[in-house]
Amino acid sequence: MAVIILPHRLKNQPQYAAPIDYAGLAKGVQILWNPAAGPVDLVTGRAWASGGNAAIATTQGGRAFSFDGADDYYGYTGYPEITGNTGSFFMWCPTVGAADTHGHALFGASSPVGFAHQINPGLQVHISSTPASIGTLPSWFKTKNRSIVLASGGTAATCKAFLDGTDSGLKWAGPPVAWGAGNKNFNLGRYPGGTLWDFSGTILIAGYSDAVWGEAESRAFHENPWQLLKTRTRKLWSSSGSAHILTGASSIQPNESNAKTIAQHHVLVGSVPAQAGESSVEAITQDQILAVVPGSQVNASSAGAITADLSFAAKPNNQINTFETGAIRQAHGLLVIGPTQESMSSASGVIQAHGLVALAPVQANTSGTGPLYIGKGGLAGAPSIQANTAGNGSVAQTYILVAAASSQLNKAGISTISNAIVVEASLISGIVEAFRIKKPGIPPGTPEWLKTMIEILTGRRGNRIAVPRFQALTFSATPTRAECEALYRYTNAVRDSLEQLITRMDS
């Protein structure tokens, strides 16, 4: 028997410090927050301090960091291992509030080099304090369920801003500022030391990675941000002996600890109910057994026992009907055999047994023409005759039901019909076969979760993934720049479609 193993991806927010999926979407992640586990960096275990009215609140998507836009933040001084200006900052927000004086500073530091990831009131984007973007975001402030990814490959040309999993198309004139060496005073939710860049809203999950994310990673993050985390692989079933019997494996849940919080999980075990009797000297034990006493009946008399004899006799029931020509007499007799009673005496009581025996019923019908009688196989009746008296003689009417033979007439205008078969003209000439290709349907009664999964995988929910058409690419003896760029564009388009398919199948 095959063992079923589920490495299932998280679909909902884990309420503990779940392991990070470094082999998947979280490849290269250096900072990661899951507010359900507290203000703790899950990568390093560093506990971040809260400032202002920053708190953890419950939202529709789960537990989230909450900022009221008035100097709220989570901060930490350290992280000397983070250097350079290559990487990606990602954040998923159930709610986004109004803009501050300088908009929203999402993530920043004031030393040793001042910089910030910022969205200004005009919806221009700053990546590590670069000049404002050329172009603006379509929306950000006072919205719900938004994700944003700010990626940098170290140059202005490699900077990207992905809003809700889609490339915003923004460009920058200069490269982003690099991280400074040594410890950095990081702030999530504001620019350190300032009160005019404060973020307003809630953050469900956020972090920083030294990997440069593209549109495929940003789309996967927006659709399910919990793909950054993973659960432990476990066996659901195991075989028992030589027989193929499914048995449930024991579920074990450990307690996980990090630098600040301890998540504790308890398994519910039902205890055996017990009832204790308390006494000053010793325990009280009580056993009760239900016993039935035999019933007895005694008749008392001063002279002797009373004997009662009961007999039931039925008189014949006579019914007489008087008519013009004669009387009809019907006699019914009910005969009852005398009852038999056995009395058995024992030491404790008297047991009475009754047996009922019935005589065979006899029914006699007296008539002028023919009586009814009991035949060998059951009750047989003489032919029924109905007579009507009129004038000098009787009128007898007899009705017999006769079914007429059915007939079918087929007419043909051209050819002879054989065996009563009509051949349609369209069948003689033939029907043109029409080929039609139909997508396989979802069988009725399919569970809702399986139906939704099939619709997502087959693109029936408006999410069909378009694969680029085939292109015949040719090159001259000395390839030109245009030919190479055409090859890169086509290769990137195919790769993007493939990554979308992999991401959909994997999630």
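Note: hydrogens, waters and symmetry copies are ignored here, and every other heavy atom, side chains too, is used.
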Any sub-3.5 Å donor-acceptor pair from [X]'s side-chain atoms to [Y]'s backbone N or O?
X    : Y    : result
K184 : I82  : yes
D496 : N492 : no
N120 : L123 : yes
T59  : A64  : no
S209 : G28  : yes
T202 : T95  : yes
T101 : L196 : no
W92  : A206 : no
S168 : A161 : yes
T130 : H126 : no

Hey, does [Y] have a side-chain heavy atom less than 4.5 Å from the side chain of [X]?
X    : Y    : answer
T86  : D210 : no
L188 : W33  : yes
V212 : T158 : no
P176 : S152 : yes
I20  : K230 : no
F162 : I148 : no
K142 : V96  : no
Q13  : W226 : yes

List the steps, then state whether side chain to side chain contact (heavy atoms under 4.5 Å, CB included) holds for V40 with W48. CA-CA 6 Å; V40 179; W48 287 49; over 6 Å; no
Got a sec, which residues hit side-chain hydrogen bond (donor to acceptor under 3.5 Å, both in side chains) with [X], two or more places apart in sequence or on another chain?
X    : value
T491 : none
E483 : S476
Q30  : none

Counterpart residues, salt bridge (Lys or Arg N to Asp or Glu O under 4.0 Å), relative to [X] (two or more places apart):
X    : value
D68  : none
R63  : none
E485 : R481
D72  : none

Minimum heavy-atom distance between [X] and [Y], given as atom pair plus value:
X    : Y    : answer
Y490 : P468 : CE1-CB, 4.2 Å
I119 : F141 : O-CZ, 3.7 Å
S88  : A211 : OG-O, 2.8 Å
Q124 : G135 : CG-O, 3.9 Å
A98  : S200 : O-CB, 3.8 Å
W140 : C93  : CH2-SG, 4.2 Å

Greater than 12 external heavy atoms within 6.0 Å of Q60's CD: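 No, because the 6.0 Å sphere around CD of Q60 holds 12 heavy atoms or fewer from other groups.
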Could you grab the distance from atom [atom1] of [X] to atom [atom2] of [Y], nearest 0.5 Å is fine?
X    : Y    : atom1 : atom2 : answer
K27  : E217 : NZ    : CD    : 9.0 Å
I56  : S50  : CD1   : OG    : 8.5 Å
L228 : N34  : CG    : CG    : 10.0 Å
L25  : T503 : CG    : OG1   : 8.0 Å
L487 : L473 : CG    : CG    : 6.0 Å
S128 : L150 : OG    : CG    : 8.5 Å

Any side-chain donor-acceptor pair under 3.5 Å between [X] and [Y]?
X    : Y    : result
Y79  : D41  : yes
S111 : N185 : yes
Q227 : D21  : no

Step by step, would you call F115 with I127 a side chain to side chain contact (heavy atoms under 4.5 Å, CB included)? CA-CA 8 Å; F115 83 96; I127 296 181; over 6 Å; no
Taking salt bridge (charged side-chain N to carboxylate O under 4.0 Å, His left out) as the cut-off, I'd like each qualifying pair that reaches into residues 155-172, sequence neighbours left out, listed once.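 Qualifying pairs, neighbours excluded: R146-D164, K160-D167.
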With sequence neighbours excluded, give me every salt bridge (charged side-chain N to carboxylate O under 4.0 Å, His left out) pair touching residues 77-93. R46-E81
List the steps, then state whether salt bridge (charged side-chain N to carboxylate O under 4.0 Å, His left out) holds for R219 with E223. CA-CA 6 Å; R219 184 185 301 110; E223 292 175 354; 5.0 Å; no
Tell me every residue that passes ring-ring contact (aromatic ring centres under 6.0 Å, His included) with W172, counting only those two or more places apart in sequence or in another chain. none
Which residues share a ring-ring contact (aromatic ring centres under 6.0 Å, His included) with F89, sequence neighbours left out: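 Only F107, H117 meet the ring-ring contact (aromatic ring centres under 6.0 Å, His included) criterion with F89.
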Given the rule in the side chain to side chain contact (heavy atoms under 4.5 Å, CB included) test, do T195 and D100 qualify, once you have shown the distances and angles that lead to the verdict? CA-CA 9 Å; T195 59; D100 202 353; over 6 Å; no
Does anything in residues 188-212 form a ring-ring contact (aromatic ring centres under 6.0 Å, His included)? List the pairs, not counting sequence neighbours.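 Sorted result for residues 188-212: F67-F199, H102-W197, H104-F199, W179-Y208, Y191-W197.
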Test side chain to side chain contact (heavy atoms under 4.5 Å, CB included) applied to I442 and E455, step by step: CA-CA 9 Å; I442 300 176; E455 289 176 346; 3.9 Å; yes
Does F90 have its ring centroid less than 6.0 Å away from the ring centroid of W213? yes
